Amino acid sequence: MCAETPDYKDTLNLPKTDFPMRAGLPKREPDWLARWEKIGIYDRLREKTGRTPFTLHDGPPYANGHLHIGHALNKILKDMVVRSQQMMGKDARYIPGWDCHGLPIEWKIEEQYRTNGKNKDEVNVVDFRQECRKFADGWVDIQREEFKRLGITGKWENPYLTMDFRSERIIAEEFMKFLMNGTLYQGSKPVMWSPVEKTALAEAEVEYHNKESFTIWVKFKVVGTGDATLDSAKVVIWTTTPWTIPSNKAVVYGKDISYGLYEVIGRPEECWATIGERFILADNLASDVMTKARLDETMYRRLCDITQEDLEKIQLTHPLHGTEGANGEWDDIRDFRAADFVTDTEGTGFVHCAPSHGMDEFELYRDLGMLEQVITYNVMEDGTLREDMPFFGGKAILRSKINKKNKNNPWEGDANTAIMSKLAEVDGLLARGVIKHSYPHSWRSKAPVIYRNTPQWFAAIDKPVNDQRDNYGKTIRERALRSIDDMVTWTPQTGRNRLYSMIEARPDWVLSRQRAWGVPLTCFTKKGALPTDDDFLLRNEEVNARVAKAFEAEGADAWYHEGAKERFLDGIVDPDDYTQVFDILDVWFDSGSTHAFVLRDREDGSDDGMADLYLEGTDQHRGWFHSSMLQSCGTRGHAPYRGVLTHGFTLDEKGMKMSKSLGNTVAPDEVVNQYGADILRLWVAQSDYTADLRIGPEILKGVADSYRRLRNTMRFMLGSLADYSQADKTDIHDMPELEQWVLHRLAELDEKVRTGFNAYDFQGVFQAIFNFATVDLSSFYFDIRKDVLYCDGDTPERRAARTVLDILFHRLTTWLAPVLVFTMEEVWLERYPGDESSVHLTDIPNTPKGWRNDELAQKWVQIRRARRTITAALEVERTAKTIGASLEAAPIAYVSDPDLFSALSSVPLADLCITSDLNLTQDTPPAEAFTLDDVKGIAVQFAKAEGEKCERCWKILPDVGTHAHPGTCNRCSDALG
RNA sequence: AGAUCUAUAGUUCAGUUGGUUAGAACAUACGCCUGAUAAGUGUAAGGUCGAUAGUUCAAGUCUAUCUAGAUCUACCA
């Protein structure tokens, strides 16, 4: 700077703001949260009237443990939906909820008992349930605070809990609808059963240990083929559970396995095979089986193939068939058919089926509709065989107490050996042995468990519901499938197929669990009646009403209090004629009923009891989407939701699952403490949630970078608008074209933003806004307008620019507020401070129709292309060190295209290119003029700007120094007054 | 083991009914500016479109197989 000219910097209108470049989000976010709580934002929004309601129904997380990143993703997405819908003019309600019942909590309490040396069985059920309730309550409070910290808005002080007394009442009432409409029935299925504890166990309560088991090869005689070769043969099966042999009902083979007929032609002394005996075996396993039967390869020969046609002809008899003293117990012909779970890698290639004691077999015969013929009730609760069973009645599969003398098999009872002896006696055994294998044991008693057919309660999926709500079909399945296609919008579309095929294929819904913490199946069965009898279940509205009333007042504990049965039945039926059911409802029934006690029954629910959206991870196709659909189809005839959005899972940076052992986890509170919740939210917004989402240190760093860029753009606007007033407000028609073009872009974007928000495409919306902010604003519009904003006095150009900045401010803050809830509030308060002020009370402003100007936009595409050529030409000189700043240049643009020429001559091209001057001509360009390959019709000849540098605006102009203020140009001198 | 889904620069994403040289942004490198300054701005480099085979005049796009990852089932006689 020359010594004699004054420093004009203070005379400029430089951006002025206290808005910090660095956000300091982790420290400052809690203050904004406190503010919102004080203002009561959520309730304040509810006071706005005349808005169309939008209901996002919250899928309840399970109330145990701290939040992980998946919870954060889910709730942030929900929050962005709620906030964007609200700001687009809806009344967007959000009632957060928690799932409180169920095994994991029960389990935690049991664990506490164990460490304190208490025994669960000695604790009163009601006391136990109270402890579970307390535990859930504690975690609800913790999770609520963790969710709030992420900036999630909602009715936090009055959420819904599945364990609220009212919820428990309604869950029971919903269950009783199934009771009354006849879809509830008692059936049975094999479950993991601990004979020692006489209880069913869940998969989570089972641990696998090595156990020694007997292993036997058993002969089943072939009969009734009419083929002498086959009829003389025996099918051999292998099992490690001899105790299931009395319950055998069938044998199955594999469709793709090659079988052969083998004849014994020699034998050692100790052997259960006789010479001439013929066995059908899988070829891959024949030598293995023969070895176990002590036959070496010289002692048997393969006679022929056994084809699938042969197998189809075969029928079998049980080895105990016709045994004296068996009273015909095993005399029925055994079923024999193909099944796809049979392999020829282990055993014999044939699987013995006792469908009461194995899942594969049970499912096979369930799907065949033959359960009644194959289900047995041979094993009692304590693991003993049925008292009246021939030979083995009362024998125990497992001992009730451990026998430490039997070191190898301390729990072994007397049933297996008795059965093996009898089989050997009737020539039913080919071989036996012992093996060590991994076997399920009870987590509590450490004793082995068995699969045991157990009575369970089911909801029939294919039975007409008979409730006059048949618009979508008569049965639950029909209604569900029809709803999926006719009623529900799926985001992404693939979710539809997933649920459809699951519901299409699913069996009846097992509603009962043998547990303590949940809502009981509130029903009674008639003593002496069979499950198939019409009056087996007590169906009485008066009884139901009593139950509901009691639950409303006392919660589901009422079911467990002393004298509950008499309380509910006295005076209606004779309590002594009925048995009270003590099973617990599947927790998916609880959460499947949330639509009833939240959407239908709460004042702030929805008008028609339906949700506009359910939004959960893809795992909920089998979970909440599924159970809610079934429950609702059973009770109200159709889906409870109009829309379903599913998101993927969170993975680490390499796309691998997160796990503590790999050390690749990202905890939400860590992100919040390091970067702030807004960064986590921005990560959600810029990710494609329809697939799995990756997160890790590098990705978060990238997100924080984007955030900073955006933050500075906002900061620039704040600074330039510092003293903006209504006097600046300029009509669009009085604005330069550049400003009109910005408004056009805003009109375009507004549509994109609204369509995107309505399609829940936050990624698309954010990307569009972010691109606009960096490409159109920061590097183009702002860059150009800095000159006018800084240097002009109160000119129409400056007023127009500031009008546009003000408009931009309102658009950008409201568009981004659903994502960057904290930062946009911070930006908003910078201009609109006040105790009651908040961007979150504002709607996205409407866009005046006149802003859209496609013709102008077309023209400006041309202009920007020409500009690119000019700036590129300057870049060459910059690299050559001819110039530094672009204001040192005054290039000549040779434009041959007449349209382009007229377009360029209609705008202040030098300003747009940030040069001090620019000559536009239609002359033929000199050969050395600069061109870009992809821009036709313009060539640029570089020239340095002539004159002195204005000490105020830094433009180089010929008239500098000839005005009132020394060292200034005409404009600046005027501005200085 | 089965069902479903995903795969494009270092990162996050575009890529129309198959049709020019696969596009942005961020990050990177090298510049410019020093009046958005722990900021702004320009230029460049960066891709066998997970792999292979096929259909086609033409494949990131359609088909098949494989690989990796994810979710849900099944983990057994």
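Everything quoted here is computed from the prediction, not taken from an experiment. Numbered from 1 within each chain, the chains take letters A, B, ... in sequence-line order.
- Among the heavy atoms of the strands lying under 4.0 Å from A:Ser687 are primed sugar atoms or P, OP1, OP2 only; no base atom is included.
- Rounded to whole Å, the separation between the P atoms of B:A51 and B:U17 comes to 23 Å.
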Discussion item. Could you walk me through whether A:Met717 and A:Val827 satisfy the side-chain contact (heavy atoms from CB on, under 4.5 Å) test, starting with their C-alpha distance in whole Å, then the side-chain angles of each, then the deciding distance to 0.1 Å, before giving a yes or no?
Written reply: CA-CA 10 Å; A:Met717 288 199 298; A:Val827 173; over 6 Å; no
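- For A:Tyr253, the ring-ring contact (aromatic ring centres under 6.0 Å, His included) partners two or more places apart in sequence, or in a different chain, are A:Phe336.
- Listed by chain and number, the residues in a side chain to side chain contact (heavy atoms under 4.5 Å, CB included) with A:Thr376 are A:Ser247, A:Lys249, A:Ser356, A:His357, A:Asn378 (sequence neighbours excluded).
- Helical stems in RNA chain B, defined as runs of 3 or more consecutive Watson-Crick or G-U wobble pairs with both donor-acceptor distances under 3.5 Å, are listed by first residue as B:1-7 with B:67-73, B:10-13 with B:23-26, B:28-32 with B:40-44, B:50-54 with B:62-66.
- Residue contacts shown for A:Phe341 include a base, since a base heavy atom lies under 4.0 Å away.
- In this structure, A:Gly719 reaches neither bases nor backbone, as no heavy-atom distance under 4.0 Å exists between it and the strands shown.
- Here the separation of B:U65 from B:U4, taken at their P atoms, is 11 Å to the nearest Å.
- Under the side chain to side chain contact (heavy atoms under 4.5 Å, CB included) criterion, A:Lys654 pairs with A:Asp652, A:Met656, not counting sequence neighbours.
- Not counting sequence neighbours, the partners of A:Glu875 by the side chain to side chain contact (heavy atoms under 4.5 Å, CB included) test are A:Arg878, A:Thr879.
- Between A:Asp692 and A:Lys657 there is no salt bridge, since no side-chain nitrogen of the basic residue lies less than 4.0 Å from a carboxylate oxygen of the acidic one.
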Practice prompt. Using the side-chain contact (heavy atoms from CB on, under 4.5 Å) rule, take A:Ile784 and A:Arg867 through it: C-alpha gap first, then chi angles, then the decisive distance, then the call.
Written response: CA-CA 12 Å; A:Ile784 291 165; A:Arg867 180 183 190 263; 3.9 Å; yes
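- Applying the side-chain hydrogen bond (donor to acceptor under 3.5 Å, both in side chains) criterion to A:Asp934, with sequence neighbours excluded, gives A:Arg868.
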Worksheet entry | nucleotides 23-36 of chain B: protein proximity per nucleotide (B base, S sugar-phosphate only, - neither; heavy atom, under 4.0 Å) | -SSSS---SSSSBB
Item to complete: Applying side-chain contact (heavy atoms from CB on, under 4.5 Å), run through A:Phe772 and A:Leu808 and close with a yes or a no.
Response: CA-CA 11 Å; A:Phe772 171 72; A:Leu808 278 168; 3.7 Å; yes
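- Rounded to whole angstrom, the span from the CD1 atom of A:Ile784 across to the P atom of B:G40 amounts to 17 Å.
- The existence of a salt bridge linking A:Asp787 and A:Arg971 is confirmed by a sub-4.0 Å separation between a basic side-chain nitrogen and an acidic carboxylate oxygen.
- A perpendicular orientation is assigned to the rings of A:His441 and A:Tyr439, their planes being inclined by more than 60° (bins at 30° and 60°).
- Between the CG atom of A:Leu749 and the CG atom of A:Asp776 there is a distance of 7.5 Å, given to the nearest 0.5 Å.
- B:A22 and B:U48 have their P atoms separated by 12 Å, given to the nearest Å.
- With sequence neighbours excluded, no residue forms a ring-ring contact (aromatic ring centres under 6.0 Å, His included) with A:Phe279.
- Legend: residues meeting ring-ring contact (aromatic ring centres under 6.0 Å, His included) with A:His965, ordered by chain and number and at least two apart, are absent.
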Item to complete: Test A:Tyr675 against A:Leu680 for side-chain contact (heavy atoms from CB on, under 4.5 Å), laying out the working first.
Response: CA-CA 8 Å; A:Tyr675 290 107; A:Leu680 192 59; over 6 Å; no
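- We find that A:Asp723 and A:Lys16 are not joined by a salt bridge, their nearest charged nitrogen and carboxylate oxygen being 4.0 Å or further apart.
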Atom pairs under 3.5 Å: protein N/O with N/O of nucleotides 71-75 of chain B:
from, atom 1, to, atom 2, distance (Å)
B:U71, O2', A:Arg498, NH2, 3.2
B:C72, O3', A:Arg622, NE, 2.9
B:U73, OP1, A:Arg622, NE, 2.1
B:U73, OP1, A:Arg622, NH1, 3.1
B:U73, OP1, A:Arg622, NH2, 2.8

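- Heavy-atom nearest nucleotides on RNA chain B were determined for A:Asp688 and for A:Thr241, and the one closer to the 5' end corresponds to A:Asp688.
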Practice prompt. List the protein contact pattern of nucleotides 15-20 of chain B with one symbol per nucleotide (5' to 3'): B for base contact, S for sugar-phosphate-only contact, - for none; contact means a heavy-atom distance under 4.0 Å.
Written response: ------
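- In terms of position along RNA chain B, the nucleotide closest to A:Arg867 lies nearer the 5' end than the nucleotide closest to the other residue of the pair A:Thr240 and A:Arg867.
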Fill in: nucleotides 61-68 of chain B: protein proximity per nucleotide (B base, S sugar-phosphate only, - neither; heavy atom, under 4.0 Å)
--------
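- One C1' atom belongs to B:C49, the other to B:G40, and the distance between them is 35 Å to the nearest Å.
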